[in-house]
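Note that ligands are numbered from 1 as they come in the structure, with each ligand's atoms numbered from 1 the same way.
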Amino acid sequence: MSNIIEFKNVSKTYDDNTVLKDFNLNIEKGEFLTVIGTSGSGKTTMLKMINSLIEPSGGDIFVNGINNKDVDKIKLRRNIGYAIQGSVLFPNMNVEKNIAYVPNLLNKKDKERTKKAVAKWMDIVGLEDSFRERYPDELSGGEAQRVSIARSLAASPEILLMDEPFGAVDEITRMKLQDEILKVYNKTDITIVFITHDIKEAFKLGTKILIMDKGKIEQYGTKEEILNNPGSEFVKNLIKSVM
Ligand SMILES: Nc1ncnc2c1ncn2[C@@H]1O[C@H](COP(=O)(O)OP(=O)(O)OP(=O)(O)O)[C@@H](O)[C@H]1O
């Protein structure tokens, strides 16, 4: 498999605080990468470099083999979905319009095609058709999260970045959303990079798991590799609850 995302000797410094140092990572196309680590270990910083929301202080990031420095940011982001915790929906648009936002931009004239795309994604994330007309303030947290995931997927991105997308919902909804994102992943050839604080979630979803501490990679591997061969005391402590 080929690498869809590559970090080469990446560093990031805020004032004199170095949050990433000599960071090297290859993510293969089609992978579901979950990222877990201590608070402040640089996970969000790393994620936001993929879609150029944050620029590295040193080193390079490549998406599909092209250096982010050489690419128009708008063009880059068209291909990369981004879902964050409690993602903000457009409050003045109903569910259908929220989801249709990007497809509408892409196929301006073909309204039927957009309508079909909205129906497909609502179905995949488990939203009944009757939600189409509702406005964001008429949705529960979990429903709003589904709409936001459907919206990020409706643009058919090749890469989906998710920063603790299920952090703000209750345990039952969270499990449902996890199952739904797995369904999406299994039905498409999307590559997902997913940050979580929940080690169980990291192991349930990830085809590969990246464990970070203080701006460095503690371990990167499959669930089996990490469980069978934890690379450090830090990893051993982290995985206690899933052993
Ligand atoms: N814009 C900024 N200016 C200064 N410092 C920043 C900025 N953004 C992040 N930092 C610092 O960089 C470090 C890494 O932040 P980052 O958000 O990447 O960590 P994280 O692993 O995602 O943390 P969490 O799990 O708490 O969300 C933290 O110490 C944070 O305070």
Side-chain angles (χ1 to χ4, degrees), residues 5-27 31-63 68-69 73 76-77 80-88 141 144-145 148-149 152 157 159-171 173-174 177-178 181 191-206 208-221 223 226 230-242:
I5 300 164
E6 291 175 59
F7 285 79
K8 288 217 168 106
N9 304 321
V10 170
S11 62
K12 181 68 189 178
T13 307
Y14 294 109
D15 302 321
D16 49 6
N17 179 18
T18 301
V19 295
L20 284 181
K21 203 178 164 189
D22 256 334
F23 189 86
N24 287 286
L25 176 72
N26 291 334
I27 305 173
E31 209 77 78
F32 194 144
L33 175 68
T34 51
V35 184
I36 186 153
T38 34
S39 182
S41 57
K43 303 181 293 296
T44 299
T45 300
M46 182 274 279
L47 194 80
K48 285 182 167 174
M49 284 184 186
I50 299 172
N51 62 357
S52 268
L53 283 172
I54 292 179
E55 306 289 343
S57 311
D60 297 285
I61 295 111
F62 297 84
V63 174
N68 272 1
K69 283 177 187 156
K73 288 188 177 47
L76 174 76
R77 287 177 201 148
I80 306 181
Y82 184 49
I84 55 175
Q85 181 175 325
S87 290
V88 209
Q145 204 59 49
S148 124
I149 291 167
S152 46
I159 299 168
L160 179 59
L161 308 178
M162 306 184 90
D163 197 343
E164 293 191 56
F166 310 148
V169 297
D170 64 87
E171 191 61 26
T173 309
R174 173 186 272 248
L177 287 169
Q178 290 168 349
I181 198 71
T191 305
I192 301 180
V193 185
F194 185 112
I195 297 179
T196 177
H197 267 118
D198 178 348
I199 183 77
K200 290 195 177 113
E201 183 168 77
F203 276 82
K204 173 176 172 181
L205 299 178
K208 284 261 182 75
I209 298 148
L210 176 72
I211 302 175
M212 288 177 65
D213 186 36
K214 302 191 188 95
K216 284 216 200 91
I217 297 176
E218 282 285 324
Q219 197 163 2
Y220 178 38
K223 183 177 163 175
I226 291 171
S232 64
E233 279 306 309
F234 179 85
V235 176
K236 272 188 199 157
N237 279 326
L238 188 74
I239 61 178
K240 266 184 192 149
S241 63
V242 284

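By the 6.0 Å and 45° rule, K8 stacks over the aromatic ring of F62.
Residues L160 and T191 form no side-chain contact, since every pair of their non-hydrogen atoms from C-beta on lies 4.5 Å or further apart. Counting only heavy atoms from C-beta outward, the side chains of I181 and F166 approach each other to under 4.5 Å. Side-chain contact between I192 and M162 is present, with heavy atoms from C-beta onward closer than 4.5 Å.
The pair K204-E201 does not count as a salt bridge, with every side-chain nitrogen at least 4.0 angstrom from each carboxylate oxygen.
Contact residues for ligand 1 (protein heavy atom closer than 4.0 angstrom to any ligand atom): Y14, N17, V19, T38, S39, G40, S41, G42, K43, T44, T45, H197.
Sorted pairs that involve residues 39-49 and meet salt bridge (Lys or Arg N to Asp or Glu O under 4.0 Å), not counting sequence neighbours, are lacking altogether.
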